[in-house]
Amino acid sequence: VIPGWFSEISPMWPGEAHSLKVEKVLFEEKSEYQNVMVFQSSTYGKVLVLDGVIQLTERDECAYQEMITHLPLCSIPNPKKVLVIGGGDGGVLREVARHSSVEKIDICEIDKMVVEVSKQFFPDVSVGFEDPRVTLNIGDGVAFLKAVEEGTYDAVIVDSSDPIGPAQELFEKPFFASVARALRPGGVMCTQAESIWLHMDIIEGIVANCRQIFKGSVNYAWTTVPTYPSGMIGFMLCSTEGPTVDFKNPVYSIDEDDTQQSTRPLKFYNSEIHSAAFCLPSFAKRAIGSK
Ligand code: AAT
């Protein structure tokens with residue numbers, strides 16, 4: 001450990017640790033679920049850390065939040081009801097709110113301290129909570145989904161932390177089954193699906209589970225996020241039986257019709273990068289396959 005630097009050390013990426021220079025620790029407290037820390041970095045703005053793992057930095061959060069949101073929402077026409085699991089910082093809500101077709105945005109985050117800390121230190125991210133279409137539920141996403149009426153949502157976005165800690169069940173088959181149940185026919189799920197450089201075993205497990213549960217399309221996409229382990233992170237995109245969803249060819253071009261364009265233009269996502277996100281390196285293509 002280098003003094004004055006934050007190093008992201010975890011058994012999920014043994015033998016490596018990305019480091020950021022710390023200007024000042026702004027917050028550190030233990031919540032009911034995890035250790036919550038915010039620091040000012042020298043070059044990535046403020047950083048949110050849960051149990052020693054970077055969840056977002058001000059500089060590169062756009063690459064994650066825009067992709068995890070617009071990949072699913074631009075793949076279907078006129079999404080109306082959207083559920084976010086996790087995502088207590090509000091960044092995914094901010095992105096969902098760009099879609100003028102959306103009428104209702106539910107979010108279920110397990111840890112209210114994440115919401116409070118985001119409102120205090122990350123106003124440009126937590127701005128997502130200000131949209132009147134948003135209803136915040138504090139609780140476990142697994143339990144929340146079990147209580148949802150069948151066929152409620154057009155899209156479910158799982159903005160989850162890594163499968164060590166409170167998010168473990170969000171990577172398991174029963175959870176995917178309740179997501180599929182909560183979706184309308186031809187509805188879509190996008191879930192945080194880790195790195196092809198570090199977690200091919202986890203990804204293969206997610207893919208196998210999703211192929212069994214989701215009878216529509218099942219595709220892996222990815223984006224670059226410099227402050228996430230290995231500098232990239234992937235998403236699992238799935239659709240339920242019903243109208244076919246062709247994830248690789250978006251049906252909606254938000255880049256041209258962005259209701260919030262004037263306040264905060266999209267920094268990362270566009271239709272070209274949407275399609276490109278599904279192109280996989282050969283080793284990943286062999287392991288994941290395509291359908
Ligand atoms: N948008 C920031 C990126 C995240 S946040 C993941 C969120 O999921 C956290 O706020 C965490 O409290 C919440 N969470 C974890 N488990 C549950 C659960 N069971 N139900 C509801 N919410 C939950 C993800 C960063 C990925 C990091 C990659 N290394």
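In each ligand, atom 1 is the first atom listed, and ligand 1 is the first ligand listed.
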Winner among Gly87, Ser160, Gly88, Ser10 once heavy atoms are compared against atom 24 (C) of ligand 1: Ser160

In terms of its nearest heavy atom to atom 3 (C) of ligand 1, the top option of Asp159, Leu48, Val115, Val36 is Asp159

Minimum-distance protein heavy atom relative to [atom]:
{"atom": "atom 13 (C) of ligand 1", "value": "Glu109 OE1, 3.3 Å"}
{"atom": "atom 27 (C) of ligand 1", "value": "Ile54 O, 3.8 Å"}
{"atom": "atom 29 (N) of ligand 1", "value": "Asp162 OD2, 2.9 Å"}

Would you say Asp89 and ligand 1 have an N/O pair spaced under 3.5 Å apart? yes

Quick check: does Pro166 get an N/O under 3.5 Å from an N/O on ligand 1? yes

Determine whether any heavy atom of [X] lies closer than 4.0 Å to an atom of ligand 1.
{"X": "Gln34", "answer": "yes"}
{"X": "Ile68", "answer": "no"}
{"X": "Asp140", "answer": "yes"}

Does NZ or CZ of Lys24 lie under 6.0 Å from the centre of the six-membered ring of Phe39, at an angle within 45° of the ring axis? no

For ligand 1, which atoms have a heavy atom of Gly86 less than 4.0 angstrom away? 8 (O), 13 (C), 21 (C), 22 (N)

